[in-house]
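Written out below as C-alpha cells is the structure these notes cover.
In what follows, every chain begins at residue 1, and chains take the letters A, B, ... in the order their sequences are listed. Hydrogens, waters and symmetry mates are skipped; everything else that's a heavy atom, side chains included, is used.
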2 protein chains.
Amino acid sequence: MTDRKIRTMEEFAEVSGISRPTVSKYFNDPDSVRKTTRERIEVALEQYHFRPNIFAMNQNRKLTKNIGIVVPYLADPFFAEIARHLEERVIAAGYQPTLYSSHGDPKQEIEILDGLLSLKPAGVLLAPLGRASDRAEIEKFCRDVPTLLFDSNLDGIGQAFVGSDNFSFVTQTVEYLTRTGEPPSFFEMRTPANPNANKRRNAYIATMERLGYEPHVISIDGEGWAFEEIGKRGAMQVLADKSLPTNAVLCSNDRLAIGFLAAAYQSGLRVGHGEGCALRIAGHDDHPWSQFTCPPLTTVSQDYTAIAERSVDLLFGLIEGARTEDRPEILFDGKLVLRSSA
Amino acid sequence: MTDRKIRTMEEFAEVSGISRPTVSKYFNDPDSVRKTTRERIEVALEQYHFRPNIFAMNQNRKLTKNIGIVVPYLADPFFAEIARHLEERVIAAGYQPTLYSSHGDPKQEIEILDGLLSLKPAGVLLAPLGRASDRAEIEKFCRDVPTLLFDSNLDGIGQAFVGSDNFSFVTQTVEYLTRTGEPPSFFEMRTPANPNANKRRNAYIATMERLGYEPHVISIDGEGWAFEEIGKRGAMQVLADKSLPTNAVLCSNDRLAIGFLAAAYQSGLRVGHGEGCALRIAGHDDHPWSQFTCPPLTTVSQDYTAIAERSVDLLFGLIEGARTEDRPEILFDGKLVLRSSA
DNA sequence: CGAAAAACTTTACTCACGTAAAGATAAACC
DNA sequence: GGTTTATCTTTACGTGAGTAAAGTTTTTCG
C-alpha cells in the first residue's frame, strides 16, 4: 500500500497504466478484460486499494448490483435467520444486499420500497407484512422492479413466491398428535398479521374433519409482533377457563407456543408427552429458540438454507431471463421435529 | 396524482413552477425556502409524487444523510432489538439508516465498513465484534468517518462509546444472590467474542472477594454465536460433574443462561428460588426472550431505549460539532429484574 | 506472415443533482 | 414609498463513473 490516496477512477487509471474505460469495464466484470490487463489492474489495486464510488457507478447503470431484502420484523429471529441466509447467497452471487425491516408497520414497508426504488435495485426479496400490507402500492413497486415474495404470499403480486407448505406442516403435526394421544386444539391469533396463519387454521380444520374429529380453534386477541406475550396472555386465560377439550395444543407458530409454554409453567402444569404431564404443546416453524425451551418444543422445521437458496436462485433467474408470464409458487415441505413438549 | 411521470428534478421544477436550484434547496431542508414557495412545491408533490435520486443527491454532497448501523450478529435478538431502536431514532432525526450485520465474521466487518465508506455516511453506529475485530482497519475507518461505538468498547477507537456498566450489572446480581441464598458461581465462555464478558468476569471476582467468598469461574469451550447451544452443552457437563460449589449460577449473559436452563431441565433439576428447587440461575442483559423462559429468568435489564437515544444524540453531536479531543464513554446502569429463576 | 478478430485508448457525451455567482423579485422595515 | 434584506431565477460548472464511437494496438489463427 502506497501513501498516495487515489480518489477517482481517473487517478487509478493513471497509476495503473490502463485507460479509464477499461478500468471501468474491469470493475463491472473482471473477466471482461484480457488476462494481462486484469493482472496489471490487480497489481495496482494491491498497491493503492481503490474502490469506485458507488453513487457514481449506479447513476448511469441501467441495472445495479443492488439487491434489496425486506422483512416485516427483524427482531423476530425467524426473519433474522432467513435474512442472514439470503444475504450470504446474494453476496456469493456477486451482488450487494441491503437489508430492511418494516418493523411491523405498513407505512414503513412502503417507505422502504419507495427508498429502494431510487437505489435502482436489480431485484428485491420481499417478505411482506401480509394482511396489513398496502397491496396497491406493493403491486405498483413490483411492476418496476423484479420482486420475489417470500414467507407471506400476496396473491398475484410479485414475479414469484417462495414459502412453506402450510397444509403439509399442519397435517403432519395434527396426525402425529392424534396418533400418539389426543387430537389437538388449534391456538392462534384472532387477527394474524401473516397470511400463513389463516392457511394453517384452515388446514387444521380440514385435517381434523378428515380424521373424524371436531376441530377446536382458540383465537386470542392481540395486535403487533410480541407473539410470546400475546400467546402467554391468551394461554393464561385458556388455562384458567379450563376450556381445552383435550390435552393437546397445536400453536399456529413457535412464538405463540413459547408463550403457551410460559403460561403452562406459571400455571404449574407439566408439559410433555408421558407420565405426569398434563399438556402437550406443539408449534410450527422451528424457530431458532425452540430447541432451548423447557421442555424443548415439538415443531415442524423450515429448511432455511433451502428456502434462501431457492429464493435467490429464482430471483436471479427473473433478473436475467425475460419476465415469464406465469408466476411460480414454490412451497417447501417441513419436517416434523419431535422434541419432548409433545 | 397525475399520470405524467416525473423522473428528474428538472422536470419536477418545471411542473411546479419553481426553479431547480430552489427545489434542490427545498429537498435538502424544506424550511430553507419561503413559506409560499414551500407550499407551491408541496402542492406539486401531492400531484406528481417525485423523489430526487439518492445517488445523484449524495454524489455531490460533502455530507450525506446516511447513517450506517453495524452490529456483530443480527440474529441475536439483543442486537436486533437495539438496531430497531437505533433505526427509529435515526429516522426521527431526518437521516437514513442502513443496517448491516457482520455475521460474526471480522472480514465481513471490514468489508461492511469499506462499502460504507463509499456511501459517504454522515456517521456510523458500530457495535464491533470485539476481540476478533481487526482493530487497525477499524481505526483507519474511524479516522475518516465520525463513528460511535456501542455495546463493545475498543479502547481509543471511535469518537465515543456507549455501553453498559458491567461492573454494576454483576455487582447487583452477585449481591442479590448472596443476600438471598448462596454465593454464585460464574458461568462464561472461555474465549468470549465480546469484551463485556471479560469485564463481567473480573467484576464477579472482585465482588466475591470483597464479600469474602471464594470466586468460582466456570469457563466453557465453544466458538461462534450459538450461545444457547454452547451454554447448554457446557452446563450439561457441569451438572454431570456435580462441580458446582453452591446452588447458584450467574451467567455472563442471558443467552448462556437460556442454555443452562435447558440443560437443567434435561437433567431433571428444578430451577428457581424456593422450596423444591435445586438450582438458581441468573443472567445479564434482559434479552427479549428472558421473560418467557421456564422459569422466567432473573437478570439485569439494559434500557434499550435510553441506550439508543443517547447513542444517536451523541453521534449527531459529533457530526455537527467539532471533533472533541476527549472520547466520551457513557455507561448505563442496569436494573435488577427479579423473576423466578433466582 | 498476413489478415481477421479481439481488446485497448481516446474522445466525448450522459446521468441527476449539488452548488456557487450574478442578477432579478419579492418581502420587510422604518 | 423607498430602501434594505431575503429569496428566487438564471447560468454554469462540478461530481465520478457508465458508455458509445472511432481509431489504434495486440492477439489469434489459418
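- Among pairs with a residue in residues 66-91 of chain B, those fulfilling ring-ring contact (aromatic ring centres under 6.0 Å, His included) read B:Y73-B:W225, B:F78-B:H287, B:F78-B:Y304, at least two apart in sequence or across chains.
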Run the side chain to side chain contact (heavy atoms under 4.5 Å, CB included) test on B:L119 and B:N58 for me, step by step, so that the C-alpha distance in whole Å, both residues' side-chain angles and the decisive distance to 0.1 Å come before the verdict. CA-CA 8 Å; B:L119 286 187; B:N58 288 332; over 6 Å; no
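- A close approach under 4.0 Å does occur between a side-chain nitrogen or oxygen of B:T22 and OP1 or OP2 of D:dT9.
- Across its full length, the helix from C:dC1-D:dG30 to C:dC30-D:dG1 shows an angle of 10° between the axes of its 5 terminal pairs at either end, rounded to 10 degrees.
- Listed for the A:E139 side chain is no donor-acceptor partner under 3.5 Å among the backbone atoms of A:I157.
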Summarise protein proximity over nucleotides 24-30 of chain D in one line of letters, 5' to 3': B for base, S for sugar-phosphate only, - for none, counting protein heavy atoms closer than 4.0 Å. --SS---
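- The side chain to side chain contact (heavy atoms under 4.5 Å, CB included) search around B:E39 returns B:K35, not counting sequence neighbours.
- Under the side-chain hydrogen bond (donor to acceptor under 3.5 Å, both in side chains) criterion, the residue pairs touching residues 97-110 of chain A are A:S101-A:H103, A:H103-B:E87, A:E109-A:S133, with sequence neighbours excluded.
- Within the structure, ring-ring contact (aromatic ring centres under 6.0 Å, His included) contacts touching residues 50-70 of chain B (residues at least two apart or in different chains) are A:F55-B:F55, B:F12-B:F50, B:F27-B:F50.
- We find that A:R40 and A:E42 are not joined by a salt bridge, their nearest charged nitrogen and carboxylate oxygen being 4.0 Å or further apart.
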Given protein heavy atoms under 4.0 Å, the one-letter contact record of nucleotides 12-23 of chain D, with B base, S sugar-phosphate only and - none, is simply B-BBBBBB----
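- For the side chain to side chain contact (heavy atoms under 4.5 Å, CB included) test, residues two or more places apart in sequence or in another chain that qualify with A:D114 are B:H49, B:R51.
- In this structure, the side chains of A:D31 and A:R38 come closer than 4.5 Å at one or more pairs of heavy atoms.
- Rounded to an integer number of Å, the gap from B:K35 NZ to D:dC8 P is 14 Å.
- For A:R310, there are no salt bridge (charged side-chain N to carboxylate O under 4.0 Å, His left out) partners two or more places apart in sequence or in a different chain.
- Residues forming a ring-ring contact (aromatic ring centres under 6.0 Å, His included) with B:F141 (at least two apart in sequence, or on another chain): none.
- The salt bridge (charged side-chain N to carboxylate O under 4.0 Å, His left out) test applied to A:D134 returns no partner, not counting sequence neighbours.
- Judged by distance alone, the side chain of A:E81 and the main-chain N or O of A:P77 form no donor-acceptor pair under 3.5 Å.
- In summary, contact between chain A and DNA chain C, defined as any nucleotide atom under 4.0 Å from a heavy atom of the protein, begins and ends at C:dA7 to C:dA16 in the 5' to 3' direction.
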